[in-house]
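Here is the structure we will look at, set down as structure tokens.
Throughout, numbering of the chain's residues begins at 1 and tracks the sequence.
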Amino acid sequence: MRRAVGAVLVKDKRILSSGYNGAPSGMKHCAEVGCEREKLKVPSGFRAELCRGLHAEQNAIIQAAYHGVEIKGSVIYSTTMPCSICIKMLINAGIKKIIYLEGYPDELAKRLIKEGKVEVIKFRKEGKK
């Protein structure tokens, strides 16, 4: 299943960086060349390394580094709960809070969040429970 995911790094009510999921700059998207994970029938939440694309959280971190923006101590807002690979990157980047909209089936990510003492908040739309 292909997801459209976006992420924004924020500190002191200011946007530091943003990213969305997709192929590296200048490369074709999997929608154009085919998805390796789909071909191999890999279920969602597994074998992320087979994907030719980068996750939104990864791109937000990369964009900050590319432009020399410090993100330590910032909050990341993401449409999807970050996967374990992204969680490891967020922990090392000094991100201590994640606010997300939709879940993601990655049990290792949940364990890393707990061990890394990352605060996680599931965003709820007004009027929804």
Side-chain angles (χ1 to χ4, degrees):
M1 172 167 102
R2 293 187 194 140
R3 301 172 194 262
V5 179
V8 180
L9 286 162
V10 176
K11 187 173 186 179
D12 299 327
K13 298 183 181 180
R14 296 184 64 142
I15 294 173
L16 302 178
S17 181
S18 64
Y20 57 89
N21 60 324
S25 297
M27 297 179 71
K28 291 183 179 182
H29 192 277
C30 59
E32 298 173 83
V33 297
C35 176
E36 194 65 31
R37 294 176 72 243
E38 283 180 6
K39 289 176 194 171
L40 296 172
K41 298 182 183 355
V42 176
S44 182
F46 295 90
R47 304 291 315 269
E49 76 278 4
L50 295 175
C51 182
R52 71 184 283 115
L54 291 149
H55 289 185
E57 302 88 346
Q58 293 168 333
N59 274 325
I61 292 168
I62 292 165
Q63 283 302 308
Y66 186 86
H67 294 287
V69 176
E70 183 181 330
I71 59 173
K72 182 179 180 182
S74 64
V75 175
I76 191 161
Y77 293 82
S78 182
T79 54
T80 303
M81 178 67 183
C83 72
S84 55
I85 294 169
C86 291
I87 292 294
K88 291 183 276 188
M89 293 176 71
L90 293 168
I91 290 169
N92 276 0
I95 309 306
K96 293 293 185 185
K97 187 174 189 178
I98 299 167
I99 300 173
Y100 72 98
L101 184 60
E102 298 175 4
Y104 187 75
D106 189 331
E107 291 303 315
L108 177 57
K110 292 174 187 173
R111 293 193 307 269
L112 292 168
I113 286 166
K114 187 175 181 178
E115 187 177 343
K117 297 180 175 67
V118 178
E119 182 182 359
V120 177
I121 298 170
K122 183 172 181 8
F123 180 81
R124 288 185 174 76
K125 295 179 185 176
E126 269 190 45
K128 289 205 170 194
K129 292 186 179 190

Partner set under salt bridge (Lys or Arg N to Asp or Glu O under 4.0 Å) for E107, not counting sequence neighbours: K110
Tell me, please, which residues at least two apart from F123 pass side chain to side chain contact (heavy atoms under 4.5 Å, CB included). I99, L101, K125
If you look at every heavy atom in I91 and G116, which pair is closest and at what distance? CD1-CA, 4.2 Å
Please check if the number of heavy atoms outside I121 that lie under 6.0 Å from its CD1 is greater than 12. yes
Can you name the residues that form a side chain to side chain contact (heavy atoms under 4.5 Å, CB included) with T79, not counting sequence neighbours? V5
ILVMFWY network linking Y20 to L16, side-chain heavy atoms under 4.5 angstrom: no
Could you tell me whether a side-chain N or O of S17 sits under 3.5 Å from a main-chain N or O of A60, the two making a donor and an acceptor? yes
For residues 67-76, dump all side-chain donor-acceptor pairs below 3.5 Å to protein atoms at least two apart in sequence or in another chain.
{"unit_1": "H67", "atom_1": "NE2", "unit_2": "Q63", "atom_2": "OE1", "d": "3.3"}
{"unit_1": "S74", "atom_1": "OG", "unit_2": "I71", "atom_2": "O", "d": "2.6"}

Sorted by chain and number, sequence neighbours left out, side chain to side chain contact (heavy atoms under 4.5 Å, CB included) with E32 holds for K28, H29
L108 side chain reached by R111 side chain, heavy atoms, under 4.5 Å: yes
With heavy-atom distances below 4.5 Å as the criterion, would you say the side chains of M27 and V33 are in contact? no
Quick one: are E36 and R52 in side-chain contact, heavy atoms under 4.5 Å? no
From OG (S78) to CD (E57), nearest 0.5 Å: 4.0 Å
Applying side chain to side chain contact (heavy atoms under 4.5 Å, CB included), name anything that partners L50, two or more places apart in sequence or on another chain. R37, L40, V42, R47
Qualifying side-chain hydrogen bond (donor to acceptor under 3.5 Å, both in side chains) pairs with a residue from residues 84-100, counting only residues at least two apart or across chains: S84-D106
Step by step, work out the side chain to side chain contact (heavy atoms under 4.5 Å, CB included) result for I98 and L90. CA-CA 9 Å; I98 299 167; L90 293 168; 4.1 Å; yes
What is the distance from atom CG of L112 to atom CD1 of I85, rounded to the nearest 0.5 Å? 10.5 Å
How long is the gap from CD1 on I87 to CD1 on I95, to the nearest 0.5 Å? 10.5 Å
More than 12 heavy atoms of other residues, nucleotides or ligands under 6.0 Å from CD of E49: yes or no? yes
Joint hydrophobic cluster, M81 plus V118, side-chain heavy atoms closer than 4.5 Å: yes
Residues P82 and A109: closest non-hydrogen pair is O-CB, 3.8 Å
Please list all pairs passing the salt bridge (charged side-chain N to carboxylate O under 4.0 Å, His left out) test where one or both residues lie in residues 6-19, with sequence neighbours left out. none
Which ILVMFWY residues are connected to I62, directly or by a chain of links, through side-chain heavy atoms under 4.5 Å apart? L54
